[in-house]
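Some notes on the structure that comes next.
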Protein chains: 2
Amino acid sequence: MAPEKSRRERPAKPALTRDGIVAAAVAILREEGLRKVTMRRLAQELDTGAASLYVYVRNTAELHAAILDELLGTIPSPPDDGDWRDRLERLLTGYTATLLEYPGLALSALVARPSGENYLALCENLLALLAEGDVAPERRAWGIDILLQHATATAAEHADEESPEEWDALARAVRDADETTHPQIAAHAADLLTGAPEQRMSWGLRVLITGITHTGLPAERNQA
Amino acid sequence: MAPEKSRRERPAKPALTRDGIVAAAVAILREEGLRKVTMRRLAQELDTGAASLYVYVRNTAELHAAILDELLGTIPSPPDDGDWRDRLERLLTGYTATLLEYPGLALSALVARPSGENYLALCENLLALLAEGDVAPERRAWGIDILLQHATATAAEHADEESPEEWDALARAVRDADETTHPQIAAHAADLLTGAPEQRMSWGLRVLITGITHTGLPAERNQA
DNA sequence: ACCTGAACACCGTTCAAGT
DNA sequence: ACCTGAACACCGTTCAAGT
């Protein structure tokens, strides 16, 4: 915004702005991952002290939220053709794919609901798709809530960062399940451990869409 | 006044065991919250150094997982009467309620899937309920996965720890939504911001159950 | 008003050295 | 084998003092 020109040869230290801070944070995110996006590291990148950032950002959670909204601006908006269900599924798959690049952010989003411009635009699109599908108006708001929660949680599950240890432990526990004490687990062991992520994701979204269109709210029940 | 230097009269420092460590961790959790359950704090409680804990616990994530499994042992098993859907809903509501006491643990569970005894028992019960409901066998495993993810994520959302800041921000953003640029949000503002947690939770579970019973897997599709 | 260095109060994890 | 102190490499946030 402020066109400050330096008379020096060395790259001038740009004035701090909230946008500049967020931009630098996104850059660190892309190059080094969310774990490195700390107040101190960010300040270092901006050639200042961590304390200075607090003029523009309340805390780390707010910083993460700002980064996330920036990322949400990059979700490809799916083509307009096809069934509303397919478009809904594609939009949410795109959302999930974006979050999957930085699962740690998905975790943040789960805890601190975003409220940025791009998040609102996403909600707007989701609500419009449910409206197009003739989902009862009262169900739309709660519907996008579940859909977004599912998509966000699915991405957040991958925040374990290159450590398949826990997955190994679960796989072992399932495979070693005693057939007499855990007959169901033994019987379903294969299904519990397999399934391509995209297929599971797709099925999950269709489960939700089907459920939303077929399940009345408590209020609707009372009226019935 | 000063106690004898004998080690016998003072409460003897108990030998370290994995169980003892987990028990102490649970005690700190109950008294001071998950944030205080750190390796250092835990070691202090056990009158040793943090390094000693690493003989019994691989890292903090594994410690959290062990604590969670301990907690899962306290979920009340719902009464045997009623429709399988109601029993399923009650069981998952109990699971969520337990996690809601320590939402930070729910967050851990989302990232590092638990694999303890009590978790397996819960899965076993969930699978049995879906079987009782004549849910197609191939769908049961993926079904409990979605159900648990939903319940876990719902609890995890409350891990913001007494800071309704982000919620305020979202509420403001929704209420201030421009009617021309965000017509859907403006129209659904009330529903987006309201709803008792229990009602939302209950509706969410029924959405999932309905969806699971009505949505074929990709494989089932191919066969059809 | 904005910016800063320094300080406060912590972290997880590793490792060489002890027992 | 188990246990330990000390060290390494960090954190978020606040605050008094400067500009």
Side-chain angles (χ1 to χ4, degrees), chain A residues 1-4 6 11-22 24-25 28-29 31-68 104-105 107-108 111-112 159-163 165-166, chain B residues 7 11-22 24-25 28-29 31-68 104-105 107-108 111-112 159-163 165-166:
Chain A
M1 295 282 190
E4 177 166 328
S6 163
K13 183 173 153 183
L16 283 180
T17 61
R18 199 190 142 96
D19 285 352
I21 289 170
V22 173
I28 297 175
L29 173 72
E31 280 155 35
E32 307 175 46
L34 184 66
R35 282 229 320 260
K36 297 284 185 174
V37 185
T38 65
M39 290 300 203
R40 292 173 112 109
R41 176 76 183 74
L42 186 51
Q44 180 191 317
E45 199 72 12
L46 293 166
D47 198 18
T48 182
S52 307
L53 304 177
Y54 285 82
V55 177
Y56 304 93
V57 171
R58 197 188 308 276
N59 52 38
T60 306
E62 195 189 295
L63 177 65
H64 284 358
I67 295 174
L68 174 62
L105 270 187
L107 216 53
S108 299
V111 175
D160 48 350
E161 207 125 16
E162 325 279 313
S163 80
E165 280 165 29
E166 316 287 349
Chain B
R7 310 170 206 143
K13 182 173 155 183
L16 284 181
T17 62
R18 197 190 143 96
D19 286 352
I21 289 170
V22 173
I28 297 176
L29 173 73
E31 281 155 35
E32 306 175 47
L34 184 66
R35 281 231 318 261
K36 297 283 185 176
V37 184
T38 66
M39 291 299 203
R40 291 175 114 109
R41 176 77 183 73
L42 185 51
Q44 179 191 317
E45 200 73 10
L46 293 166
D47 199 16
T48 182
S52 306
L53 304 178
Y54 285 81
V55 176
Y56 305 93
V57 170
R58 196 187 309 274
N59 51 37
T60 308
E62 193 188 296
L63 176 66
H64 284 359
I67 295 174
L68 174 61
L105 269 186
L107 217 51
S108 299
V111 174
D160 48 350
E161 206 126 16
E162 325 280 313
S163 80
E165 280 165 29
E166 316 286 348

For [X] and [N], give me the distance from atom [atom1] to atom [atom2], rounded to whole Å.
X     : N      : atom1 : atom2 : value
A:L16 : C:dC3  : CG    : P     : 5 Å
B:E62 : C:dT13 : CD    : P     : 11 Å
A:L53 : C:dC3  : CG    : P     : 10 Å

P atoms of D:dA9 and C:dC10, separation to the nearest Å: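 Per the computed distance, 23 Å lies between those P atoms.
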
Same-atom distance (C1') from D:dA17 to C:dC2, integer angstrom: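 One C1' to the other, the span is 13 Å.
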
Per-nucleotide protein contact string for nucleotides 14-19 of chain C (B base, S sugar-phosphate only, - none; heavy atom under 4.0 Å): BB----

Validation row: B:L68, B:S108 side chains within 4.5 angstrom (heavy atoms):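 With C-beta onward as the side chain, the pair stays apart.
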
pair A:L53-A:L63: side-chain heavy atoms closer than 4.5 Å: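 They are not in contact (no side-chain heavy atoms under 4.5 Å apart), so the answer is no.
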
Heavy-atom closest contact (B:L34 atom, B:G104 atom, distance):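 The pair with the smallest heavy-atom distance is CD2-C, 3.4 Å.
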
Which nucleotides of DNA chain C pair, in dot-bracket form (Watson-Crick or G-U under 3.5 Å, | meaning another strand): ||.|||||...|||||.||

N or O in side chain of A:Y56 less than 4.0 angstrom from C:dC2 OP1/OP2: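 Checking C:dC2 against A:Y56, no side-chain N or O comes under 4.0 Å of OP1 or OP2.
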
Cationic N near anionic O, under 4.0 Å, B:E32 to B:R41: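 Answer for the salt bridge query: yes.
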
B:A112: side-chain contact (heavy atoms from CB on, under 4.5 Å) partners, not counting sequence neighbours: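 By the side-chain contact (heavy atoms from CB on, under 4.5 Å) rule, B:A112 matches A:E166.
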
B:A65: side-chain contact (heavy atoms from CB on, under 4.5 Å) partners, not counting sequence neighbours: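 Result, side-chain contact (heavy atoms from CB on, under 4.5 Å) vs B:A65: none returned.
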
Atom pair CG (A:L16) and CD1 (A:I21), whose distance is rounded to the nearest 0.5 Å: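 Answer for the CG-CD1 pair, A:L16 versus A:I21, is 5.0 Å.
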
Please enumerate all residues that pass side chain to side chain donor-acceptor pair (under 3.5 Å) together with [X], with sequence neighbours excluded.
X     : result
A:Q44 : none
A:T60 : none
A:T38 : none

All salt bridge (Lys or Arg N to Asp or Glu O under 4.0 Å) counterparts of A:R18, not counting sequence neighbours: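 Partners of A:R18 by the salt bridge (Lys or Arg N to Asp or Glu O under 4.0 Å) criterion, ordered by chain and then number, come out as A:E62.
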
Strictly under 3.5 Å: I want the nitrogen or oxygen pairs between protein and nucleotides 9-11 of chain C, one per line.
{"unit_1": "C:dC11", "atom_1": "OP1", "unit_2": "B:T38", "atom_2": "OG1", "d": "3.2"}
{"unit_1": "C:dC11", "atom_1": "N4", "unit_2": "B:R40", "atom_2": "NH1", "d": "3.4"}

